[in-house]
2 protein chains.
Amino acid sequence: MPNHSESLDRVFQALADGTRRDFVARLIRGPASVSQLAQPLAMSLPAVMQHLQVLEACGLVSSEKVGRVRTYQIDPQVLRTAEEWIARQRTSWDQRLDRLDDHLAEQPPEQPSEQGSTS
Amino acid sequence: MPNHSESLDRVFQALADGTRRDFVARLIRGPASVSQLAQPLAMSLPAVMQHLQVLEACGLVSSEKVGRVRTYQIDPQVLRTAEEWIARQRTSWDQRLDRLDDHLAEQPPEQPSEQGSTS
DNA sequence: CTGATAGTCAAGTGACTGCTTAAGTGTTGC
DNA sequence: GCAACACTTAAGCAGTCACTTGACTATCAG
């Protein structure tokens, strides 16, 4: 029922940014520190941190600080939640197409209704 | 290849709103007019239109105007694009886990870490 | 034509984003 | 201790977002 999920809001919002998607793609290959993630980017460190905080806030990644180094890693569960929402829509779509097929198979072929004017 | 895709930006951004996800879920079941989509919502008509424009701008839906009624319908292609991005990440994740398993199977059990002394 | 219906355009507003710079805080190496 | 390092906090700023109200344009029904 709750399509209006704040959690989904946050995940999709987090994924709606190329930099953050790059972080996800990078962290999928393995954990990395803040500065490792920042290194290839032409962006200030605070900016990087803010992106990482967005990713952590929605549960896409988690982090742990050891000494002065904070290491981030992926948490694929939330990613699956997002994927499942989309998959569910796609499934409904396919089912609807099937029903339409059935319907057309047992109905005589019919014009979609021409309303009103022949002008 | 291009993770930094503006198109993905727009799709995830579009899905990052519960109202718009509701529209997608509604339109998956079949086409609907602007006012049909607006009817259950406590929101002004212009607000609804703006949401629909976001959905149309990223290709998630298309619309056609007949007489004074504009009818929206889903276009599932872009939805699949978003799903595939996530699926690709999940696949990489699974592959990485497999590699880790293999590695552990042929290595003696060993503490991780202790990297980085050689730079 | 007249009025109701269905949608649209425009402008404004308050909140939120994505970034910046500047000035911290805690760790580690010597 | 002291400096370099890795990160953190705070403030500020331009741009975008999700709405609103009010006025406007087409249809369509009678």
Side-chain angles (χ1 to χ4, degrees), chain A residues 3-6 8-24 27 31-58 60-73 113-119, chain B residues 4 6 8-24 27 31-58 60-73 113-119:
Chain A
N3 246 339
H4 249 112
S5 149
E6 294 217 352
L8 273 181
D9 279 17
R10 277 196 294 264
V11 182
F12 283 127
Q13 179 68 37
L15 295 177
D17 181 287
T19 302
R20 286 193 293 259
R21 283 199 305 280
D22 283 350
F23 285 164
V24 168
L27 291 173
S33 70
V34 174
S35 34
Q36 280 171 343
L37 291 165
Q39 182 251 313
L41 272 62
M43 196 185 290
S44 71
L45 212 44
V48 169
M49 277 196 40
Q50 283 163 32
H51 282 303
L52 289 171
Q53 278 161 13
V54 170
L55 289 172
E56 191 161 22
C58 73
L60 277 168
V61 308
S62 63
S63 74
E64 195 190 357
K65 193 161 183 176
V66 175
R68 56 186 169 180
V69 176
R70 179 174 294 276
T71 302
Y72 280 88
Q73 57 187 316
S113 57
E114 291 281 335
Q115 288 185 329
S117 54
T118 3
S119 55
Chain B
H4 248 110
E6 294 216 353
L8 273 181
D9 280 17
R10 277 196 295 264
V11 182
F12 283 127
Q13 179 68 37
L15 294 177
D17 182 287
T19 303
R20 286 194 293 259
R21 282 198 306 280
D22 283 349
F23 285 164
V24 168
L27 291 173
S33 70
V34 173
S35 33
Q36 281 172 343
L37 291 166
Q39 182 251 312
L41 272 62
M43 196 185 290
S44 71
L45 211 44
V48 169
M49 278 195 41
Q50 282 164 33
H51 282 303
L52 290 170
Q53 278 161 14
V54 170
L55 289 172
E56 190 160 22
C58 73
L60 277 168
V61 308
S62 64
S63 76
E64 194 189 358
K65 193 162 183 177
V66 174
R68 55 185 168 177
V69 176
R70 179 174 295 276
T71 303
Y72 280 87
Q73 57 187 317
S113 85
E114 231 48 73
Q115 57 172 180
S117 47
T118 12
S119 55

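Note that the coordinates shown come from a computational prediction; the quantities given were computed from them, not determined experimentally. Convention: sequence-line order gives letters A, B, ...; per-chain numbering from 1.
In this structure, the CG atom of A/Asp17 is 12 Å from the P atom of C/dT17, given to the nearest Å. Straight-line distance from the CE atom of A/Met49 to the P atom of C/dT17: 17 Å, rounded to whole Å. Atom CG of A/Leu41 and atom C1' of C/dG18 are 13 Å apart (whole Å).
Between A/Val66 and A/Thr71, the closest side-chain pair of non-hydrogen atoms is not below 4.5 Å. With contacts defined as side-chain heavy-atom distances shorter than 4.5 Å, the pair A/Leu27/A/Gln73 does not qualify. Residues B/Arg21 and A/Leu8 are in side-chain contact: their nearest non-hydrogen atoms beyond the backbone lie under 4.5 Å apart. Side-chain contact between A/Leu60 and A/Val11 is present, with heavy atoms from C-beta onward closer than 4.5 Å. Side-chain contact between A/Arg70 and A/Glu64: absent, with no pair of heavy atoms (C-beta onward) separated by less than 4.5 Å.
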Just by protein heavy atoms under 4.0 Å, how would nucleotides 20-25 of chain C read 5' to 3' in B, S and -? BBB---

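No donor-acceptor contact under 3.5 angstrom links the side chains of B/Glu56 and B/Ser62, judged on distance only.
Formation of a donor-acceptor pair under 3.5 Å by the A/Gln53 side chain with backbone atoms of A/Gln50 is not found in this model. A donor-acceptor distance shorter than 3.5 angstrom exists from the side chain of A/Ser33 to the backbone of A/Gln36, with no hydrogens or angles considered.
Ring orientation note: the planes of B/Phe23 and B/His51 are nearly perpendicular, at an angle over 60° on the 30°/60° scale.
Considering all non-hydrogen atoms of both residues, B/Val34 and B/Tyr72 come closest at CG2-CE1, 3.7 Å.
For the segment residues 61-71 of chain A, the set of residues with a heavy atom within less than 4.0 Å of an atom of DNA chain D comprises A/Lys65, A/Arg68, A/Val69, A/Arg70, in numerical order.
When DNA chain D is scanned in the 5' to 3' direction for atoms under 4.0 Å from non-hydrogen atoms of chain A, the outermost contacting nucleotides are D/dA4 to D/dT9.
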